[in-house]
Amino acid sequence: QVQLVESGGGLVQAGGPLRLSCAASGIRFRVSGMGWYRRAPGNQRVLAALITIDGSTNYSDSVKGRFTISRDNAKNTVYLEMNSLKPEDTAVYYCNVRTFYSGYYQDYWGQGTQVTVSS
């Protein structure tokens, strides 16, 4: 079965860095994109950063300039390097992998990893 294992979350002081990793296994079909979404308590899950197979990246305005997404294609692993963290970055961060096969997309999600930024 498909598994997405996130790591690197934790508690960090405001202004500090943190690096998240997500290792995907059991992916049967071609990966079209990998990304990180986040959900603050009581809020909707929203995009933080995305990287596609052609290397294009997309960041939410709230993280642009502070976060960097990258991937290891051979290992189906995606990273999120977060710098200058703010208390408003506190959320559960979810890894997402999208595959494309026979004309259809399929999304897979990790269980989430908590990032807490203290002031």
Side-chain angles (χ1 to χ4, degrees):
Q1 62 178 11
V2 174
Q3 288 188 319
L4 278 64
V5 180
E6 299 126 326
S7 62
L11 194 154
V12 64
Q13 291 282 329
L18 204 63
R19 187 174 189 249
L20 304 182
S21 299
C22 174
S25 62
I27 301 295
R28 187 178 184 90
F29 305 117
R30 193 174 304 275
V31 175
S32 62
M34 304 181 75
W36 291 93
Y37 292 71
R38 65 185 186 179
R39 178 172 57 84
N43 292 335
Q44 298 279 344
R45 182 175 59 198
V46 297
L47 174 71
L50 175 70
I51 185 166
T52 63
I53 54 173
D54 65 356
S56 298
T57 57
N58 188 29
Y59 298 93
S60 69
D61 290 339
S62 60
V63 310
K64 192 174 299 182
R66 299 186 297 118
F67 291 10
T68 301
I69 188 169
S70 61
R71 65 174 292 176
D72 184 326
N73 292 329
K75 297 180 179 180
N76 279 338
T77 300
V78 63
Y79 307 92
L80 187 66
E81 296 184 19
M82 304 181 290
N83 297 289
S84 301
L85 282 164
K86 305 174 181 179
E88 51 263 44
D89 294 317
T90 295
V92 177
Y93 285 71
Y94 298 90
C95 178
N96 167 261
V97 176
R98 173 168 284 193
T99 63
F100 184 76
Y101 186 74
S102 294
Y104 295 95
Y105 290 104
Q106 179 68 57
D107 282 318
Y108 300 93
W109 296 92
Q111 290 298 119
T113 184
Q114 177 70 45
V115 173
T116 302
V117 184
S118 62
S119 59

Contacts satisfying ring-ring contact (aromatic ring centres under 6.0 Å, His included) that involve residues 11-33 (not counting sequence neighbours) are Phe29-Tyr101
Closer than 4.0 angstrom, basic N to acidic O: yes or no for Asp61 and Lys64? yes
If we only count heavy atoms from C-beta on, is the Met34 to Ile69 side-chain gap below 4.5 Å? no
Return all side-chain donor-acceptor pairs below 3.5 angstrom for residues 4-14, not counting sequence neighbours, or 'none' if the list is empty.
residue : atom : partner : partner atom : Å
Glu6    : OE1  : Gln111  : N            : 3.2
Glu6    : OE1  : Gly112  : N            : 2.8
Glu6    : OE2  : Cys95   : N            : 2.8
Glu6    : OE2  : Gly112  : N            : 3.3
Gln13   : NE2  : Ser118  : OG           : 3.3

Gln114 versus Ala91, closest heavy-atom pair with distance: NE2-O, 3.5 Å
Please report the shortest heavy-atom distance between Ala49 and Leu80, naming the atom on each side. CB-CD1, 3.9 Å
Trp36-Val92 co-clustered via ILVMFWY side chain contacts under 4.5 Å: no
Using the salt bridge (charged side-chain N to carboxylate O under 4.0 Å, His left out) rule, collect all pairs that involve residues 13-26, keeping only residues at least two apart or in two chains. Arg19-Glu81
Can you list everything that forms a ring pair (Phe, Tyr, Trp, His ring centres under 6.0 Å) with Tyr37? Sequence neighbours excluded, please. Trp109
If a pair satisfies ring-ring contact (aromatic ring centres under 6.0 Å, His included) and one of its residues is in residues 42-92, list it, with sequence neighbours excluded. none
Holding to side-chain contact (heavy atoms from CB on, under 4.5 Å), I want the full list of residues that pass it with Asp54, two or more places apart in sequence or in another chain. Thr52, Ser56
For the pair Arg38 (side chain) and Ala48 (backbone), establish whether a donor and an acceptor sit closer than 3.5 Å, ignoring hydrogens and angles. no
How about CD on Glu88, more than 12 heavy atoms from neighbouring residues, nucleotides or ligands closer than 6.0 Å, or not? yes
